[in-house]
Amino acid sequence: MPELPEVETIRRILADRIIGKQVKGVQLCLRKALRNTSPEELARGLTGAVFTGVKRRGKFLILELKAAKLVFHLRMTGQLLVVKAGSPPPKHLTLKLALSGDEELWLVDQRKFATIDWLPRGGDYPRGLGVEPLSREFTGQRLAEICQGRRTPIKALLLNQQHIAGLGNIYADESLFRAKVRPDRMAGSLSAKEVRRLHRAIRAVLRESLIAGGTSVRNYVNAEGKQGAYQNELKVYGRGGEPCVVCQTPLERIKIGGRSSCFCPRCQS
DNA sequence: ACCACATCCTGTTAGC
DNA sequence: TGCTAACAGGATGTGG
């Protein structure tokens with residue numbers, strides 16, 4: 001569930017808290033989370049290294065070291081936490097890094113889907129991701145090109161990271177409600193006006209959530225363990241059966257691409 | 001090329 | 001009340 005606003009919130013905190021810190025120890029508690037190298041290789045490469053930057057690409061978090069990169073994807077329930085050294089280890093601890101300054105960086109993940117990639121020589125990774133929705137490159141025109149000629153439901157297209165990087169189920173549903181577009185509409189069938197509305201809606205929803213510190217609807221907390229506030233602003237996500245905040249019509253819930261999708265059958269067409 | 005669906009996981013909740 | 005089954009979903013892989 002950490003989507004763009006949540007990952008960006010974590011990024012900002014990590015940038016503040018770990019840049020300049022040195023890795024003193026590496027403890028990988030869940031082997032399978034580390035995808036592309038061995039635990040020994042990771043420990044050898046990380047120990048003694050200093051964090052020089054923290055970046056985000058889509059929902060990926062990229063911790064930069066002098067030459068290397070440590071890349072996390074939190075999937076649904078992953079949490080990255082900066083804690084005092086010696087704090088009692090939580091259930092579902094996946095990775096623990098001891099840092100200089102008596103702090104630790106934890107990757108905690110209840111569902112064990114989070115991934116770790118170690119790139120000893122850096123390089124551009126992750127690859128194959130679409131446009132950053134809050135960047136200048138994401139224009140109304142760009143969204144129109146993405147939708148053009150596609151027969152897939154617009155909701156499925158918004159969730160496809162190869163087109164737009166960072167939207168998940170929450171912000172796809174919220175953006176479509178704000179744009180007054182049904183999630184099951186064929187992407188290519190949207191009018192120029194609808195595409196423009198959707199483009200503005202995506203950017204507005206993401207920006208507002210970012211200001212609120214993200215959405216804590218399941219177990220999301222930021223790198224300091226604090227919840228976001230955007231769950232209080234959600235209009236449709238997770239509200240199937242409840243009245244529309246605009247017209248009181250009961251919200252519908254359908255499945256699109258295996259994901260539940262909530263929308264107002266009256267406001268969204 | 002494109003789409004639908006299963007898979008991985010575990011905690012929570014709905015239903016019997 | 002206590003059990004089981006469904007559900008939550010990001011990315012990936014498979015099969016149609």
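It should be emphasised that the depicted structure is a prediction, and the values quoted were computed from it without experimental measurement.
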Q: Could you please name the option among B:dG11, B:dC3, C:dG10 that lies closest to any side-chain atom of A:L159?
A: C:dG10
Q) What nucleotide among C:dG9, B:dC8, B:dC3 has an atom nearest to a side-chain atom of A:K32? A) B:dC8
Q: Would you kindly check whether a donor in the side chain of A:R259 faces an acceptor in the base of C:dA8, or vice versa, at under 3.5 angstrom?
A: no
Q | Between P of C:dA8 and CD1 of A:I254, the distance in whole Å | A | 13 Å
Q. Mind checking whether A:F138 and A:H199 have ring centres under 6.0 Å apart?
A. yes
Q | Ionic contact status for A:K59 with A:E6, cut-off 4.0 Å | A | no
Q | Protein-nucleotide distance (A:R218, atom CZ; C:dC7, atom P), rounded to Å | A | 13 Å
Q) So what does A:T77 hit on the nucleic acid, given a heavy-atom distance under 4.0 Å: a base, only sugar-phosphate, or nothing? A) nothing
Q: Rounded to the nearest angstrom, tell me the gap between atom NE2 in A:H163 and atom P in B:dA1.
A: 12 Å
Q.
Counting only side-chain heavy atoms from C-beta out, which of B:dC3, C:dA11, B:dC8 sits nearest to A:T152?
A. B:dC3
(Q) OP1 or OP2 of C:dA11 versus the side-chain N and O atoms of A:K59: is any pair under 4.0 Å? (A) yes
(Q) Any carboxylate oxygen within less than 4.0 angstrom of a Lys/Arg side-chain nitrogen, looking at A:E8 and A:R12? (A) yes
(Q) In this structure, how many angstroms lie between the P atom of B:dC3 and the CE atom of A:M186, rounded? (A) 10 Å
Q.
Here's a test for you: under side chain to side chain donor-acceptor pair (under 3.5 Å), which of A:D173, A:N160, A:D184 qualifies with A:K155?
A. A:D173
Q. What is the minimum heavy-atom distance between A:L251 and A:P243, and which atoms define it?
A. CG-C, 4.3 Å
Q) Is any side-chain N or O of A:K112 closer than 4.0 Å to OP1 or OP2 of B:dT10? A) yes
Q. For A:Y237 and C:dA8, is the shortest distance between a side-chain N/O and OP1 or OP2 below 4.0 Å?
A. no
Q: Please confirm whether the backbone N or O of A:C244 pairs with a side-chain atom of A:R239, one donor and one acceptor, at under 3.5 Å?
A: no
Q: Check the distance between B:dT10's P and A:R111's CZ and give it to me in whole angstrom.
A: 10 Å
Q. Within less than 4.0 Å of OP1 or OP2 of B:dC3, is there a side-chain N or O belonging to A:K155?
A. no
Q) Pick the nucleotide of DNA chain B nearest each of A:R75 and A:K91; which residue has the one closer to the 5' end? A) A:R75
Q: Round to a whole Å and report the spacing from CD1 of A:I256 to C1' of B:dC5.
A: 15 Å
**Q.** Separation of B:dA4 P from A:L157 CG (nearest whole Å)
**A.** 12 Å
Q. NA contact type, A:F60, heavy-atom cut-off 4.0 Å: base, sugar-phosphate, or nothing?
A. nothing
Q: Measure from the side-chain heavy atoms of A:H92 and tell me the nearest of B:dC3, C:dG9, B:dT10.
A: B:dT10
(Q) Given C:dA11, C:dG9, B:dG11, identify the nucleotide with an atom nearest to the side chain of A:Q110. (A) B:dG11
Q: Grab the CD-P distance between A:Q162 and C:dT12 for me, whole Å please.
A: 8 Å
